[in-house]
Every structure is written in structure tokens, then in C-alpha cells.
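Here is the structure we will look at.
Computed from heavy atoms alone, side chains included, the values below leave out hydrogens, waters and symmetry copies. Per chain, numbering begins at 1; letters A, B, ... match sequence-line order.
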Amino acid sequence: MRAYTFTQPRAVREAVTQAGTDTAFLAGGTTLVDLMKLDVMTPARVVDINRLPLRGIKLDRDGLHIGALERMSDVAADRNVRRDYPMIAQALQLSASAQLRNMASIGGNLLQRTRCGYFRDVSTPCNKREPGTGCAALTGINRTHAILGTSDACVATHPSDLAVALVALGTHVHLVSGRGTRTVPLDGFYALPGSTPDVENVLRPGELITGITVPRSMWAANSVYLKIRDRQSYEFALTSAAVAIEWRGRTIRSARIAAGGVGTKPWRLPAVERALTGRPATPDVFESAVRTAADGARPLPHNGFKPALLRRTLVRALTVLAESR
Amino acid sequence: MTVSPVGRDIDRIDGRAKVTGAARYSADYPASNPAVQPAHAYLVTSTIARGSITAMDTVAAQNAPGVIQVYSPFNRLGLRAVPGAGENYAPLEDTQIRFRGQIIAMVVAERSEQARDAARLVRTSYDEQPPRLSLADEPRVPATGPPGVPAPSSTVLAPGVPSIEAALAASAVVVEASFHQPMQHPVAMEPHSVLAEWNSDQTQLTLHSGAQLPHTSAMVAAMRLGVAPAAVRLIAPYVGGGFGSRVFPWFDAALAAAAARQLNRPVMLVLAREQVFTVVGHRSAVDQRITLGASRDGVLNAVRHVSDAAVPFVGYRWMQPAVDTSAVLYKIPNVEFDQRHVMLDVPPTCAMRAPNEAPGAFALETAMDELAVATGLDPVALRLRNYATVAPGTDRGWSSKHLDDCYRIGARRFGWSARRATPRSRVDGQWLVGMGMASAIYPGGRRPEPIQARIQLRDDDTALVSSATADTGTGATTLLAITGAHGLGIPLRRVSSEAGDTALPQGAPSVGSTAAASTVPAVEAAVTAVVAALIQEAVTNPQSPWHGTDSGDLTYVNGQLRGAGRAMPFGRLLTTIGRRSVEATATAQPGPEVAGYHFHSFGAHFCEVRVNRHTGEPRVTRFTTVVDAGRIVNAQAARSQLVGGVIFGIGHALLEDNPLELDTGRLAAGNLADYMVPVNADIPDIDIHFLDRPDPVVNNLGARGLGELGTVGSAAAVGNAIYNATGKRIRDLPITLDKLL
Ligand SMILES: Cc1cc2nc3c(=O)[nH]c(=O)nc-3n(C[C@H](O)[C@H](O)[C@H](O)COP(=O)(O)OP(=O)(O)OC[C@H]3O[C@@H](n4cnc5c(N)ncnc54)[C@H](O)[C@@H]3O)c2cc1C
Ligand code: SF4
């Protein structure tokens with residue numbers, strides 16, 4: 001048996017002291033245990049954080065605060081979240097399965113690992129898993145892989161649906177480590193693969209997510225999360241769109257848009273947002289605003305459909321939102 | 001008067017055990033001696049597709065905690081290859097690599113986690129050769145199948161027609177289309193697992209290992225181990241799905257048994273889910289081309305059906321998609337099929353549910369839809385116009401065939417008349433709405449070999465029906481009880497039943513949709529035999545009130561013996577004469593009465609699909625299937641079979657695919673997240689209607705098989721509905737949204 005140390009601290013300070021390099025925090029375990037069984041993650045230390053007081057779903061003047069250990073199902077069912085941040089509830093509801101959502105935490109969700117099949121198969125080369133071994137996906141089966149933010153070293157998507165919605169809404173992540181606490185915007189939290197795809201975010205060794213804050217806004221309440229996939233449940237996104245609009249009459253005062261399933265991290269689309277600002281909500285406006293959405297895309301042999309699908313996903317999400325107004 | 005359970009909605013008699021977790025699947029069995037815990041085995045599989053092993057370092061694995069032994073080509077178990085029964089080699093006996101994912105070592109340890117972790121420490125070096133993996137580019141094997149397989153190519157021509165080309169040239173309308181279907185996996189819920197246990201002097205082996213043919217699986221395991229078939233008993237009353245993946249045994253059972261023999265200890269082996277994708281067979285990828293020739297008003301004149309199916313170098317199954325589709329479905333004077341094969345370095349194939357017919361019908365029934373478009377005929381009318389009453393080129397008809405009523409009744413139930421022939425003519429908000437239909441056909445007759453069943457009548461007025469058929473979730477065990485209760489004329493609650501154990505009389509294999517039609521006559525024969533045995537007891541036992549009576553004066557009716565002015569339930573008679581029970585085993589085999597007939601079951605599928613105008617996802621929203629499978633024995637189980645079969649078809653149409661890397665032989669999917677089958681959200685209410693008309697020939701009840709029927713044609717119905725919705729004809733499965741953008 002591959003041995004590792006296992007601790008169950010009750011205080012955050014205790015947890016971060018026990019953690020260091022080669023440590024994995026255990027929350028719901030739906031990513032970690034899976035990958036440990038596959039030998040993809042082989043931490044020397046596992047720190048079970050489930051006894052830490054990282055709970056709570058609170059709405060106040062600053063916005064929505066969610067503790068890192070809140071379960072996906074509980075956040076999706078929260079009345080305030082459903083009313084004021086519908087795209088968050090929808091993104092969660094459309095993720096995984098009911099059983100997984102009952103286990104999986106918000107912190108763990110943001111840190112889940114890519115579903116690239118090569119990453120999960122230790123018999124294949126993968127720069128993210130084993131830096132310097134190469135990227136099997138480039139020449140392999142890559143229908144579900146990313147088209148935006150990719151590099152020659154890695155083309156894996158970030159799989160989280162929730163992160164796409166949170167990035168669109170300008171969410172902040174709260175972190176703690178032996179060096180103290182800090183707060184970073186979620187968009188900047190994730191790293192592009194570049195030549196170091198094993199570095200996925202700005203977390204320092206042993207640093208813990210304690211919670212997130214989604215700011216109050218004029219657009220979050222008019223939002224939708226649309227997820228496109230081959231089957232209707234229990235699958236990751238081929239593409240997804242998180243769209244929030246602040247209306248002035250029939251005109252779009254401002255928009256917040258991010259896409260999933262296409263990027264190596266949750267993908268903000270500021271150019272599309274700008275193209276919608278101050279425009280009426282008509283099909284023509286939507287079509288022309290999304291024209292640039294996939295600019296810079298680098299399609300792979302099996303995912304050449306993704307740029308078009310991304311544009312269509314955005315138009316559909318905008319249409320749904322305009323119709324439900 | 002007892003009401004017969006035949007034809008009613010009968011709950012599975014093992015349903016409670018299943019939902020409460022009391023049912024024991026193979027890996028749930030404890031060792032028979034609680035003092036000897038089983039050792040646990042874990043497989044190591046190859047990471048190249050072709051070549052040989054040059055060296056294997058097992059030292060670290062051997063020294064890992066809990067490890068008992070590491071078997072490999074360098075520490076062999078001595079298994080034998082059994083040609084003709086599954087794969088054509090024996091694992092760990094040589095260093096050759098035949099496909100990626102082949103078994104190359106097995107670690108046995110005290111605990112399963114220890115075996116798994118140690119297996120990861122085995123280091124293998126290979127001498128790699130370029131694998132042959134491309135269905136499109138590797139050479140076609142001309143139309144000669146393995147010995148014993150029906151002629152893979154055949155031509156039937158009307159008098160005076162020189163060739164199929166001439167027949168096609170003489171046809172006013174010709175439709176030609178090519179189809180591709182990728183590898184598909186049965187993905188039964190229960191991963192293949194085995195507990196192997198020898199008796200103390202190693203003369204008897206007990207295997208707990210799910211099997212669709214218990215006796216055959218035990219026999220093949222015996223041959224691989226080099227022991228007499230009688231030395232192996234297989235016990236697996238519960239099997240977590242077959243779908244063709246448990247027809248012949250894979251190597252799990254023999255490997256575990258060989259290790260158990262060497263270690264003198266029970267051994268349990270459970271395949272990891274990713275191993276199930278390569279150690280266990282799949283349905284081969286297949287390319288097909290169909291050419292239909294017809295008159296302007298849609299009367300078929302010719303069909304040519306050419307297929308190139310992948311066949312693994314290791315065996316074992318050669319696909320023949322035309323045999324029970326293009327060769328029999330329609331009245332066509334000129335028929336040619338050419339079923340070629342392409343040998344590849346891929347994992348073994350198996351007879352996955354409707355093995356030939358599902359891909360064959362997808363091609364044929366899509367081409368028929370294209371012919372309907374080309375001739376301007378309604379798809380149902382086109383099929384009725386070409387209705388076959390005898391098989392092409394013969395005067396051989398069917399034992400019973402009401403497919404025409406399936407079409408008509410199905411069309412009515414579904415509301416087919418609301419369909420508009422022009423594609424894209426129905427839009428509902430964001431969704432394009434289309435309707436499609438297709439035919440289903442699958443052999444529905446009995447096994448040719450003798451099938452046995454045993455009935456025991458007991459002194460508490462209950463009966464036990466036993467037959468070593470397999471219940472892969474089909475309801476076979478329940479069917480034994482229903483048929484027994486019907487034959488004995490006693491309430492179902494007084495009948496119990498058992499299957500899936502080679503110590504029982506050899507029953508019908510759970511293959512080819514033959515189990516029900518073959519089991520029913522065996523149970524009927526056992527009823528006759530046990531009644532005769534009961535009467536014999538009654539007239540010969542000195543304690544019996546009928547002692548000395550002429551046996552011809554006694555009759556058995558609904559659980560009672562009657563005659564000579566008295567009547568007595570069999571339980572009371574047995575109590576009176578001091579017998580706990582009386583039993584008899586009987587055999588049934590089809591006789592001359594079945595000669596000269598085709599036996600098929602039939603159906604008609606109708607479905608509605610919605611395709612999103614923006615993003616292209618196809619979603620099945622309505623489905624109706626009308627079935628002619630003779631008399632229905634258990635309406636509930638039969639409906640489950642058809643619903644499950646249609647879901648299979650929806651999966652084939654929209655989801656199932658396991659892309660193969662052409663340079664490495666690696667399969668993209670090795671789990672149930674990446675290998676996609678439908679989930680509940682993908683499946684609408686499925687309306688199944690049975691004509692329920694007894695077949696006058698197949699057996700006394702008139703019941704034919706239906707387990708695979710729903711899988712045949714259902715994918716074509718979905719594809720045809722997608723065409724009607726969008727105007728796009730996708731002949732390359734699965735029909736995913738990117739093909740509809
Ligand atoms: C079959 C399947 C389908 C799925 N489908 C979807 C889907 O459609 N959409 C989707 O978005 N997700 C999906 N998921 C992913 C699922 O949402 C994640 O596995 C889950 O959210 C992870 O949360 P967890 O609490 O279980 O994390 P864990 O597995 O416990 O941890 C995940 C990672 O985060 C680290 N970690 C956890 N909490 C913290 C913390 N507070 N601070 C620092 N590090 C931490 C762990 O060390 C580990 O590296 C699916 C998962 C499975 C297995
Ligand atoms: S895409 Fe990234 S995760 Fe996938 S194989 Fe390449 S490097 Fe690894």
C-alpha cells in the first residue's frame with residue numbers, strides 16, 4: 001500500500017501548519033480520492049479539512065459569502081443564491097450528479113483537476129501530471145479539449161462549471177497560509193498553462209481556500225448559465241456560457257460574460273461584453289457581438305467545431321435571457 | 001381455480017433481494033471456509049498494441065506489502081488456449097503483445113488494495129512493432145468466415161437476372177449510402193469478477209463468476225486449466241448484466257483459478273473498470289454500404305449490403321450485419337451481401353446485444369428512409385409495400401409474423417399521421433422537431449440443442465423449478481417460476497425457482513434471445529414428468545389411498561390428484577405417504593415441427609426528436625415500439641427488455657463511441673464518465689405495446705424471444721427523426737451535436 005499521513009485538524013491554523021509541499025487537503029474527496037486511486041495524485045500527506053469551520057452561505061451588503069466547505073447541493077438550493085445569483089445555482093445544478101454534489105465542496109470544485117483522459121492515465125505522457133513528458137492530447141483524441149488559452153505544452157480545459165459563473169461575476173477567493181491571509185480575484189487565481197501546465201493557480205504550497213465572495217451587482221440577478229453537452233446530465237461541458245445582463249428598458253446597459261469548455265481556465269469575454277453595451281437585445285446584435293468570441297482560438301484535429309459552437313452557445317444564452325426578462 | 005400468471009405484470013421474484021442488497025454477485029461471496037480468507041488478484045495490462053515483452057521487473061511488486069505472488073510470462077500459470085471458445089491465446093504464456101490493454105501480469109496479495117498498488121510497481125520493457133489499427137486502410141479479408149460461421153457472402157437473383165449490378169441498373173430509383181459505426185462496449189454494471197476456490201485435494205473447483213452460459217463457461221474454464229469439465233462448478237445466480245459480455249468467459253476465471261490452485265487458497269479477481277474495456281470484448285467497429293434499387297413507386301428490386309467489420313487478431317467474433325436484416329426483412333427479388341473483415345490489433349470482440357442486427361438495421365433502415373425520400377413515399381407505406389411473407393429467394397415463411405400490424409398500430413399510437421414529410425417543417429421555439437420510424441427484426445426461436453429443467457413438488461404444497469439458465473437481469477429466474485406455476489396450475493407464490501448453477505440441469509443459455517422460448521418447453525416437459533412421477537408414487541406407495549389403482553385412472557389438475565372418487569392436493573398426498581418431495585428432470589428439444597419455418601420476432605419503432613436550432617443537440621422526446629414476439633410470458637419483464645433495448649438504440653444513435661488512437665491502439669474511454677451511455681435525463685417515457693399473439697409453432701405457449709429486439713432499428717428511427725427535423729442525414733454514428741451545427 002502506498003502510505004501517506006492523515007490528519008483531521010479542527011482549527012484552520014492547525015491545518016495550515018500541518019500542510020506543506022506534497023500535501024493535499026481532503027474536502028469532499030470526489031476529485032482527490034479518484035485521482036489517488038488512479039495514481040495521478042500521490043500526496044505524502046492528506047489533511048482532512050472537513051472539521052474546520054469553513055461553512056456558511058451569507059448575503060450582506062458586500063455580496064454573497066460562501067465558506068469553502070459548503071456542499072455544492074446546499075449552495076444550489078440556497079434561496080438567496082437562487083434569487084440573486086441564479087447562474088450560480090444553475091451552474092451547480094448542471095454539474096456532476098446529485099450524489100457527487102452532496103459530497104463535493106465549493107473549495108474543492110474550484111480546484112478540481114482537468115478531465116483530460118491522458119492526465120488521468122499514468123501510462124501516457126502528460127506535462128501537467130509529469131512535467132517534461134509531453135502532451136499526448138495534441139496528437140491523441142482531443143474532441144473535448146480547449147481552444148483558447150492553450151499552449152504547445154497543454155490543451156486541457158478547466159472543467160468547473162461553477163468557476164465559469166463565478167469568474168463572470170467578479171468573484172474573490174479568500175486564502176490562508178502560514179504566511180497569513182490574502183484575497184485574490186478568481187480570474188487572476190487561475191494560471192494559463194504556458195510552459196508550466198502543472199502550475200494551475202497562484203496557491204502557495206499548503207495554502208488553503210477559506211471561502212469566496214461574489215460581489216453585489218446590478219446584473220447577477222438577471223443571469224443564466226447554459227451548458228451544452230452530448231448528454232443531458234452527468235457530463236462536463238463541451239461549451240458553456242455564463243451570461244449576466246443589466247437592463248435599461250430593452251437595452252443592455254452592461255453585460256458580464258464568461259465561457260466554459262473552451263478555455264484552459266474559465267474564459268472571460270470582455271470584447272463580447274463591450275459589443276453588447278448600450279445595444280438593444282435583438283438577434284442581430286447578439287450575432288454580431290459574439291463574432292469575436294473565439295478570436296485567437298487554436299482548434300485541434302477533433303474539436304474544430306468548438307469556435308462555432310461557442311458563438312452559438314452565447315447567442316442561445318443571450319436569447320434565453322432576453323426572452324425571460 | 002388458479003389464475004395463470006402467464007402474460008401478467010409479475011414482479012421479479014428476486015427483486016427484493018436485489019434492492020435490499022441481499023443478492024450476492026460474484027465478488028460478494030465469502031470463501032466457504034471462514035478461516036481461510038481469499039487472496040486478492042489485480043491485473044497488469046499492456047501499454048503497447050503490438051510487439052513483445054523483452055523484460056519485466058517485478059521485484060518491487062513482489063516485495064510490496066502483502067504481496068503473495070506475481071504471475072507473468074516469466075512466472076507462468078500454465079493456462080491453455082482453447083481455440084473456438086473466446087480468444088485464441090492464453091495470457092501470461094508467452095511474451096507476445098496482441099493489443100493494448102492485454103493481460104501481461106497478475107499480482108496476488110492479501111488485500112485488494114495491496115494487489116492494486118503493487119501492480120503499479122511492475123515495470124515492463126517492450127520491443128514494439130507498428131500496430132495495424134485502421135479499419136479504413138488495412139486489407140479486407142475476403143468473404144470467408146471462421147469454420148462453422150454461416151456463409152458471409154451470398155447472392156440471390158431472380159430468374160433471368162445476370163448480376164446484382166444488372167438488377168440495380170434496371171431499377172428506376174437507386175439509393176446508395178455508406179455508414180460507420182464505432183466500437184461499442186456492453187458496459188454491464190457488474191465488472192467482471194470471480195471467486196475461485198478448490199477443494200482440499202484440488203479435485204473440484206468452484207467458480208463464482210457471472211456467465212450467460214453457465215455450463216459452457218465452466219467447461220471452457222476447465223479446458224483452460226487442463227481439468228475435466230466435471231471438476232468445475234460455476235455458481236452465479238445473480239449476474240450484473242450480460243449484453244454479450246459474458247457469453248464465453250474471458251481469462252479472469254481461469255487466471256484466478258490457476259492462481260488459487262498454485263497458492264492452495266481461494267483467489268478473488270475483480271477487474272478494474274478500465275480493464276473491462278480491453279480484457280472483455282466489445283462490438284467491433286464496422287463500415288457498411290447499402291445500395292437499394294426500386295421502382296418509381298417504391299417496389300424494391302435489389303439490395304446490396306457490403307460490410308467491413310474489424311476483427312481482432314485475438315478473436316473472437318466476426319460480425320455479419322446483413323444476415324438477419326437485408327437478407328430477410330423485405331420482399332426483394334435480388335439480394336447480395338458481402339460481409340468482409342479487417343484484421344486489427346485491437347482487444348477481443350464479443351456478441352454484444354443484437355450483435356449483427358443492431359448495426360445492420362441502422363444501415364438498412366436508414367437507407368430505407370432515404371428511399372422513402374427519393375420516391376416520395378411515406379416510410380410506413382414503403383415498408384408495407386415491400387412486406388415479405390417468405391424470405392428472399394426461398395419459399396420459406398415465418399412461424400408467425402404480424403409486422404404489418406406493428407407498423408399500423410404503432411403509427412396510430414404514436415400519431416404518425418401528424419408527421420410532415422418535408423424536413424424542418426416543424427419548429428417549437430428553439431427546437432426543430434422531427435419524427436422517424438424503423439423496423440425491428442431479430443431471431444426469436446429456440447435453441448437447437450436439448451434444454452433441461454427439473455421440478456420438485458414438496459409436501460408443503462410448494463414447488464421448486466430449477467434450470468441452469470442464466471438470469472443476467474432479464475427475469476429468467478422469474479420466468480421459470482411463472483412457467484412452472486402455469487404448468488402445475490398452482491399460485492405463483494407457491495413456486496420458487498433457481499438458476500445460474502451448473503449443479504442444476506443444463507438450461508437455456510442466455511444468448512441470442514433464445515432463453516425464454518427454449519426454457520418454456522423444458523419446464524412444460526418437467527411438469528409432465530413430475531406429474532407422472534407423482535402419480536407413480538400415488539399408485540405404488542402402500543401408504544397412498546390410491547395404492548394399487550391404475551395410474552390411468554388418476555389425473556392431475558391444478559395442484560390436485562383426482563381419481564377413483566377422491567381428490568387430494570399433492571402436498572397432502574406426499575405427507576400421507578411420508579415423502580418430503582417428489583421430483584423429475586426433463587429435456588425438451590425442437591423436433592420436426594419447427595422445420596421449414598423462419599423464427600423471428602418483429603417490431604416497429606416510432607420516435608420524435610428535437611434538435612436545438614442554435615447548438616444542435618438532438619434530444620429524443622417520444623418513443624413508441626410495437627412488438628410481435630408471440631405470447632408474452634411476463635408483461636413487466638418483457639417491457640423492461642424492450643425499454644432497455646430501445647435505450648441501447650438511443651445510446652448507439654446519439655452517444656456511444658470509444659475512439660481508438662490509430663498510432664498507439666489506446667482507447668479513449670476507460671470509464672463510465674468518458675464512455676457515454678444515456679442517463680435518465682436522455683430518455684423519455686417509452687411506450688411499448690405487445691401484440692401478444694401466440695406463435696403456433698415455436699412452443700406450446702407460443703412465446704418467442706425478445707431480449708435483443710428493441711436494440712434493432714431503434715438507432716435508425718432516431719437518425720431518421722433527426723433527418724426529418726433538420727434535413728441532415730448523418731450516417732456516421734454517434735450523431736453528436738457537432739455533426740448537426
Ligand atoms: C463523475 C464526475 C462528474 C463530474 N461532473 C462535473 C461537472 O459536470 N461539472 C463540474 O463543475 N464538476 C464536475 N465534477 C467535479 C466535481 O464537481 C469535483 O470533483 C468537486 O467539486 C470537488 O470537490 P471536493 O470537495 O470533492 O474536492 P476534493 O476532491 O476533496 O479536492 C479537490 C482538490 O482540491 C483541493 N482542496 C479541496 N478543498 C480545498 C480547500 N478548501 N483549500 C485548498 N485546497 C482544497 C484538494 O486537495 C484537491 O486537490 C464531476 C466529478 C465526477 C467524479
Ligand atoms: S492536454 Fe494537458 S493534461 Fe492533457 S495530456 Fe496534454 S498536458 Fe496533459
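- The environment of A/Arg291 atom CZ is sparse: at most 12 non-hydrogen atoms of other residues, nucleotides or ligands sit within 6.0 angstrom.
- Scanning both residues, A/Arg231 and B/Asp682, for their nearest heavy atoms gives CB-OD2, 3.2 Å.
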(message) Would A/Arg316 and B/Glu617 count as a salt bridge (charged side-chain N to carboxylate O under 4.0 Å, His left out) here? Give the steps.
(response) CA-CA 12 Å; A/Arg316 182 171 161 194; B/Glu617 312 99 286; 3.1 Å; yes
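- How far CZ of A/Arg229 is from CG of B/Leu655: 12.0 Å, rounded to the nearest 0.5 Å.
- Looking at B/Leu672, the atoms closer than 4.5 Å to chain A (heavy atoms on both sides) all sit in the backbone: N, CA, C or O.
- With rounding to the nearest 0.5 angstrom, the OH atom of A/Tyr118 is 3.5 Å from the CD atom of B/Glu661.
- Within 6.0 Å of atom CZ in A/Arg325, more than 12 heavy atoms from other residues, nucleotides or ligands are found, so the atom counts as buried in its surroundings.
- A distance of 8.0 Å separates CZ in B/Arg116 from CG in A/Asp39, rounded to the nearest 0.5 Å.
- Interface residue B/Leu741: backbone and side-chain heavy atoms are both found under 4.5 Å from chain A.
- A donor-acceptor contact under 3.5 angstrom links the side chains of A/Ser123 and B/Arg100, judged on distance only.
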(message) Please evaluate residues A/Arg120 and B/Asp674 with respect to the criterion salt bridge (charged side-chain N to carboxylate O under 4.0 Å, His left out), reporting the C-alpha separation (whole Å), side-chain torsions for both, the decisive distance (0.1 Å), and the verdict.
(response) CA-CA 11 Å; A/Arg120 297 168 63 84; B/Asp674 292 331; 5.2 Å; no
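- Note: B/Asn612 leads B/Thr664, B/Leu662, B/Asn612, B/Thr47 in heavy-atom pairs under 4.5 Å with chain A.
- When each of A/Thr319, A/Thr313, A/Asp121, A/Leu226 is checked for heavy-atom pairs under 4.5 Å with chain B, A/Asp121 comes out on top.
- A pairwise comparison of heavy atoms in A/Thr124 and B/Arg666 identifies CG2-NE, 3.4 Å as the closest pair.
- Only the side chain of A/Arg143 comes within less than 4.5 Å of a heavy atom in chain B; its backbone stays farther off.
- Looking at B/Asp738 and A/Lys306, their side chains never come closer than 4.5 Å, going by heavy atoms from C-beta outward.
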(request) Please assess A/Val320 against B/Gln430 for the test side-chain contact (heavy atoms from CB on, under 4.5 Å), listing each intermediate value before the final yes or no. (result) CA-CA 10 Å; A/Val320 168; B/Gln430 296 190 351; 3.5 Å; yes
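- Within the 4.5 Å cutoff, side-chain heavy atoms of B/Thr615 are placed close to those of A/Leu309.
- Exactly one of B/Thr736, B/Leu654, B/Asp657 qualifies for a side chain to side chain contact (heavy atoms under 4.5 Å, CB included) with A/Asp230. That residue is B/Thr736.
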